[in-house]
Number of protein chains: 2
Amino acid sequence: MGAGDATMAAEQTASPAMRARGSRNDQTRRHNLSALLTAVHYGGPLTRAQLTRDTGLNRSTIGGLVAELADLGLVVEDSAAETGAVGRPSLIVRPRTDVVSLAIHPDVDALEVGAVAIDGTVVGRRRVALDAPPSAESAVQIAAAEARFLLGSMPGVRVAAAAAAVPGLVAMDASTVVDAPHLGWRGVSFGERLSDALGIPATVGNDANLGLRAEWGYGAAKGHDNVVYLNGSASGIGGAALLGGVMLRGGRGYGGEFGHMMIRSEGVECSCGRTGCLETELNAVALDAAAHDDEALDALARTLARAVANLECAFDPDVVLLGGFLGTLYEEREALIETEVDRHSFLPKAEGASIARAALGGNRLLIGAAERAFMPLLADPAGTVLIQR
Amino acid sequence: MGAGDATMAAEQTASPAMRARGSRNDQTRRHNLSALLTAVHYGGPLTRAQLTRDTGLNRSTIGGLVAELADLGLVVEDSAAETGAVGRPSLIVRPRTDVVSLAIHPDVDALEVGAVAIDGTVVGRRRVALDAPPSAESAVQIAAAEARFLLGSMPGVRVAAAAAAVPGLVAMDASTVVDAPHLGWRGVSFGERLSDALGIPATVGNDANLGLRAEWGYGAAKGHDNVVYLNGSASGIGGAALLGGVMLRGGRGYGGEFGHMMIRSEGVECSCGRTGCLETELNAVALDAAAHDDEALDALARTLARAVANLECAFDPDVVLLGGFLGTLYEEREALIETEVDRHSFLPKAEGASIARAALGGNRLLIGAAERAFMPLLADPAGTVLIQR
DNA sequence: CGTGATAAGTTTCTGGCATAAACATATGAC
DNA sequence: GTCATATGTTTATGCCAGAAACTTATCACG
């Protein structure tokens, strides 16, 4: 009889908190439309035959669902490219590239606005250099002006939503920036203000979170469901984690602040009030200072390795993704870091997580924010209104 | 327009890994049966009217679903207790107490077997004291004998499944004990062997995980969806985390090993090969030694506080739950720990997690293991066969 | 070319599921 | 004892995916 039988079902989670929502027939339809649009969103153009296999749904059902998505203006069906296979060629379903989301990234020295199509390509971007960190209000104004310009250059385009990637704590409402120290924002309803200025629903997400989302969808974390992400930037170390395919959020939305994980008990005092935080021990300044000092660089690499080992022991990820200067440090000291992590790893060897460098570079936050903006549409393709420009 | 509109849907997770499963009509039925059984499982007896409100389903639908659950022998409907309210009294739906799961807990000095009814009450338990840690084989034999005895005393009872709580790493197959150092088990297919010996499907879970599951369903974590759990026992410190209502597992099932979180960089060498692990700095021996030394106890409390602060910064939980000797330490140094955690907390004050002591005591692991065993039944009430004894 | 094999799109019909609406019933209030 | 209220029950309806039969587009082979 074996234990295997029960395994699959047992992995599911039953909520004791009486969150018992009933399911209706129309939710089935919504779920299936969502599954198809999500599949072509991440997987690129797919044939109807592939969708049939992947979803396990019937040919007829796929036909109907794809027709509805086409009616909604979300996908187009092309004749097949020649495959050389026998049998009637299957139609290719691809997301329409004239459906975009707006991505906004305010940072200390610049503000970027991008338009990202539903297939994940950045179809337009504008960057405004800034002398000083923008106030929330000026960020909204600049973003709105740039967005208008951007959309003006793309006639006929339809906009799903907008989202901003902000370096700081974002509340569960996906609008309020609770504390973005480097921008000097505290308790700002940035999403709501953006929304009003753009005339488009806008949400806000933490930059590390959205960075991981992008890497997950289109970068180095693609295909992995358990990922720890560490990103080193001028403003410190941001962290995020994807666990079982779900983004770590926490009760208030502040989960994943690995930059303030204690890494040295007798360490330097951090701006956050604690001592020995990862980002006070390992940061852009320290890395610059160690640029021509092999031992200093080794020490920093060892610090990173301990952080990675600690995170592996807490999360047991498939991949630990390193971005920004942490990615650079990793490339420069790959062997050292790998052996140090192995040495410190609590988990059975050979099974450990792999370490990888983040892949998407300068487009990462724009793609991540757009991902966030596309989520309502992906979750309910028929129930989400697009804004025609 | 505001950001709020998009928020709910945006919190959902769309999987890029092309896990696009289609949903069929019969899954709707299964989902709803599961939702109802789960509701009465955790929420105790509920009226049909309450179920109607909680699920959002139609009166008629609830009627049909409850009838099916009753036909399956999983629930009974009673006439209402007098509520004093106007209107026709609603029938009370309660889980049948003659449906049980077997819980098995092998430990270094004893093996416990319990029978837990579907309403969460422990209806029978047997404890066999042991001179030495049992081998996996003898644990199977003892468990099977005790289970036979236990079930023999409960005629007419039907068994859903069995599950064991094991102090060690358990693989994703929910059967293989990869490494249970205190028992000396390595790479044992304990679940499969149990299954064969009992004649009942059996799975295996990590003890801390199952402890948290129990506290979540029936103890101090009830109603919270983001919980970090730390349990101190003779064999060290076990950890587990519930994140957004989902148990942290990791890619291989080893997530949540917070006992091996680095807490002092120049610390003592741990059996795991690392240094300064939480459980080498704070354990039963150290606590005993500090029993009559206020300063030593303060130091241990500070160590605990740092661990809690670290976990809060990574997970942003609603509650940090402390069990075993950590619960004792917390009770003895509550004020100190609270202020130290606040001082070290990275997150905005006042919003921080509360700390609480685990509630379920000696029944915790039996309840947790039974929870695990009930999961397939809860997930698919109509598709899971009960074993008649 | 023309025929057959193959695979996929399309059409039609069916069954399951939740719902709405109408009806029946059990309680409290007056 | 009647009414208001809330809930259980029965019946008819609409939606959705699936199955089966049919149609279409390609390749292979002679």
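Here is the naming used below: chain letters follow the sequence lines, and residue numbers restart at 1 for every chain. In this text, all values refer to a predicted model and were calculated from it rather than measured experimentally.
The shortest distance between side-chain heavy atoms of A/Val159 and A/Leu386 does not fall below 4.5 Å. Taking the side chain as every heavy atom from C-beta outward, A/Val116 and A/Thr121 never approach each other to under 4.5 Å.
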Problem set entry | Contact pattern, 5' to 3', of nucleotides 21-30 of chain D - B, S or - by protein heavy atom under 4.0 Å | B-BBBBB---
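Put simply, the side chain of A/Thr52 and the base of C/dA8 share no donor and acceptor less than 3.5 Å apart. Side-chain atoms of A/Asp26 stay outside donor-acceptor range of the base of D/dC15, with no qualifying N/O pair under 3.5 Å. On a pure distance criterion of 3.5 Å, a polar donor-acceptor pair joins the side chain of A/Ser60 and the base of D/dA19.
Straight-line distance from the CG atom of B/Leu91 to the C1' atom of C/dT27: 13 Å, rounded to whole Å. Atom CG of A/Leu33 and atom C1' of D/dC15 are 13 Å apart (whole Å). Atom-to-atom, CG of B/Leu65 to C1' of D/dG8 comes out at 15 Å; the value is rounded to the nearest Å. D/dT7 atom P lies 13 Å from atom CD1 of B/Ile92, rounded to whole Å. One can place CD of A/Glu68 at 12 Å from C1' of D/dC15, the figure rounded to the nearest angstrom. For the pair B/His31 NE2 and C/dA18 C1', the interatomic distance rounds to 13 Å; values are reported in whole Å. Rounded to a whole Å, the CD1 atom of A/Ile62 is 10 Å from the P atom of C/dG9. Going from atom CZ of B/Arg30 over to atom P of D/dA17 covers 16 Å, rounded to whole Å.
Distance alone, capped at 3.5 Å, is enough to place a donor-acceptor pair between the B/Thr38 side chain and the B/Ser34 backbone.
Looking only at atom types and distance, the side chain of B/Thr47 has a donor-acceptor partner in the side chain of B/Gln50 under 3.5 Å away. Between B/Ser60 and B/Asn58, the side chains place a donor N or O and an acceptor N or O closer than 3.5 Å (distance only, hydrogens not considered).
Side-chain nitrogen and oxygen atoms of A/Asn58 include none within less than 4.0 Å of the OP1 or OP2 phosphate oxygen of D/dA17. Between A/Ser90 and C/dG9 there is a side-chain N or O to OP1 or OP2 distance below 4.0 Å.
Using cut-offs of 30° and 60° on the angle between ring planes, the pair A/Trp216 and A/Tyr42 is tilted.
Projected onto DNA chain D by closest heavy-atom contact, B/Ala49 and A/Arg29 fall at different nucleotides, the more 5' of which corresponds to B/Ala49.
When the nucleotides D/dG14, D/dG18, D/dA17 are ranked by their closest atom to the side chain of A/Thr28, D/dA17 comes out on top. Across D/dG8, C/dA18, D/dA19, the shortest atom-to-atom separation from the side chain of A/Asn25 is found for C/dA18. In the set D/dG14, D/dA17, D/dA19, D/dA17 carries the atom at the smallest distance from any side-chain atom of A/Leu57. Side-chain proximity of B/Arg48 to the nucleotides D/dT9, C/dT10, C/dA8 is greatest for D/dT9.
Note that CZ of B/Arg96 and CG of B/Asp119 are 12.5 Å apart. Values are rounded to the nearest 0.5 Å.
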